[in-house]
Protein chains: 2
Amino acid sequence: MSSLIDPDSSTPKYMQLANFIKQQIDSEVWLPRQMIPSERQLESQYSVSRPTIRQAIDYLERLGYLYREHGRGTFVSPRKLQKGMQELTSFSEDLQQRGLQPGQIIRSIAWVTPSENIARRLEIPAGTQVMQIDRIRLGDESPIGLQTSFVALAPGEEITQADLEKSGSLYRILEDKFNQIPTEADETLETTLATVEEAVLLHIKPDAPLLLNERLTYNQYRRPIEFVKILYRWDRYRYVTRLARKSS
Amino acid sequence: MSSLIDPDSSTPKYMQLANFIKQQIDSEVWLPRQMIPSERQLESQYSVSRPTIRQAIDYLERLGYLYREHGRGTFVSPRKLQKGMQELTSFSEDLQQRGLQPGQIIRSIAWVTPSENIARRLEIPAGTQVMQIDRIRLGDESPIGLQTSFVALAPGEEITQADLEKSGSLYRILEDKFNQIPTEADETLETTLATVEEAVLLHIKPDAPLLLNERLTYNQYRRPIEFVKILYRWDRYRYVTRLARKSS
DNA sequence: TTAGCATACTGGTTAATACCAGTTCTATTA
DNA sequence: TAATAGAACTGGTATTAACCAGTATGCTAA
């Protein structure tokens, strides 16, 4: 047995421990509803202090892998609760998780002056130009949704068609090229009806219902970087999320 | 200055400190993007140890009130980011937050044997009875949605029409009467079309689009307690949520 | 004047220790 | 036999003490 924890590693001990526990759960060595070793037991087994262990458990509890019961122990969350935790994902990541092959048709990329409404949401001065990207999103090569993104970039920065075709994911471009890491987003979902143009692009009848998803995405400094509207075909898309009750 | 922190209080110190900070933010004494006192400053000002302070800040960071930047400081999140954090709320709470007067028409309360699908989701043996509650949900006295709840109760427990009429909120009944605290939920959202019956109840035309919200709610022990379907009028309801990017 | 480095701030990680507060079970007592 | 007190577990809160790792700034040397 002994030290899976390397004290000289650049990854913190609590994260090493968390990864170990996560692995025990993912590989089903520790089963759902089963109690994991108590904090004192872990302390002596892995020679790390209790605060460090609590930090690891805190982390996994937030991710939904574990739950605690005061006086009883710490337990593995049932399988269903382990996925998700309302993650912010790009369209490409989203579809891959659903087992569909993501694809896209880029209809246009252009600098535009956004509406006053969108400029306010992006917290940029009226008149500032942003990049508008219109895409048809595909799942297994047939249309799932229409996506219009408005991206607020710093002067001199630009997204090209080549960028998008290469990576497929706007989020990856923002991270790799501009060091803008999407960390949080506000989303709204509502139902609407397809216009004639939308119906043609999505291969559906006009007036068919659509799921309209609007999202304002923030970077690591809590600055808005992208406002996006996605219109989903009602018969091909279902939105999934997880909610948690506010504590205290 | 001195002690806003009462060491003899039954509420933990870190929570007292968190409440104080929250209040400074809510009352706009500390403004968005403004740096709050450093952890060492708070330590000496309020005579609590740094780990305790970090616990308070951790808590408020999770709730979206604060964000940290390594080497720079801890800052107040911009206003917009402070609301929400995908809270699990009952319909009544939800509507109140939107500034509408919640109301309901109880159509039926009855013991039923749920479909196999629903029984599986509620993790109860096939054939076990659950309470089905059908309601029309009102906002400012006009119909917003149709709600059908399936509640898994222990033997002997029952929800009556009087219970519902008195509190209005199923969640409050579950908490107060049965000590079942809703803590987490998985939700799906999709678009569908109104049947004739649904159209009549909601005062809309048949084939009008509807937003279908399904939710499986878990109690404090991660056991499913309620499966609910809500059909919302497309012109009167919009779903709002917040997403966070998975860390690490 | 400017490049670069030291310094003094930030938050991040880890340890050792203590006691409080629920839960469970056992051994004692009525 | 049954109720009860208490021991022995669980996680929850709090303190003290270091040191590491980013960031900003001002001083120094080129």
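Reminder, nothing fancy here: chain letters follow the sequence lines and each chain counts from 1. Values below: all heavy atoms of this structure, side chains included; hydrogens, waters and symmetry mates excluded. Given the structure is predicted, the values throughout are model-derived calculations rather than measurements.
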Rounded to whole Å, the CD1-C1' distance (B:Ile36 to C:dG11) equals 11 Å
To the nearest angstrom, the CG-P distance between A:Asp58 and C:dT13 comes to 12 Å
From CD of B:Gln41 across to C1' of C:dT10 the rounded distance in Å is 10 Å
Atom CG of B:Leu42 and atom C1' of C:dT10 are separated, to the nearest Å, by 13 Å
Against the side chain of A:Arg50, the closest entry in C:dA16, C:dG12, C:dC19 is C:dC19
Partner of B:Glu61 under salt bridge (charged side-chain N to carboxylate O under 4.0 Å, His left out), picked from B:Arg54, B:Arg68, B:Lys22, is B:Arg68
note: A:Arg54, atom CZ; C:dT13, atom P; distance rounded to Å ~ 16 Å
Donor-acceptor pair between B:Ser9 and B:Thr11 side chains, under 3.5 angstrom
yes
Counting primed atoms, P, OP1 and OP2 as sugar-phosphate and everything else as base, the B/S/- map of nucleotides 20-27 of chain C against protein heavy atoms under 4.0 Å is -BBSS---
When rounded to whole Å, the CD to P distance for the pair B:Glu61 and C:dG11 reads 11 Å
From CD of B:Glu39 across to C1' of C:dG12 the rounded distance in Å is 9 Å
* Asked: Counting only heavy atoms not in B:Glu165, do more than 12 sit closer than 6.0 Å to its CD atom?
  -> yes
For A:Pro51, answer base if it contacts any base atom (sugar-phosphate contacts may also be present), sugar-phosphate if it contacts only those atoms, and nothing otherwise; contact means non-hydrogen atoms under 4.0 Å.
base
Atom CD1 of B:Ile57 and atom C1' of C:dG11 are separated, to the nearest Å, by 9 Å
- Query: Is any NZ, NE, NH1 or NH2 atom of the basic residue among A:Glu69 and B:Arg222 found under 4.0 Å from an Asp or Glu carboxylate oxygen of the other?
  - Reply: no
The first and last nucleotides of DNA chain D lying within contact of chain B, meaning any atom under 4.0 Å from one of its heavy atoms, run from D:dT13 to D:dA24
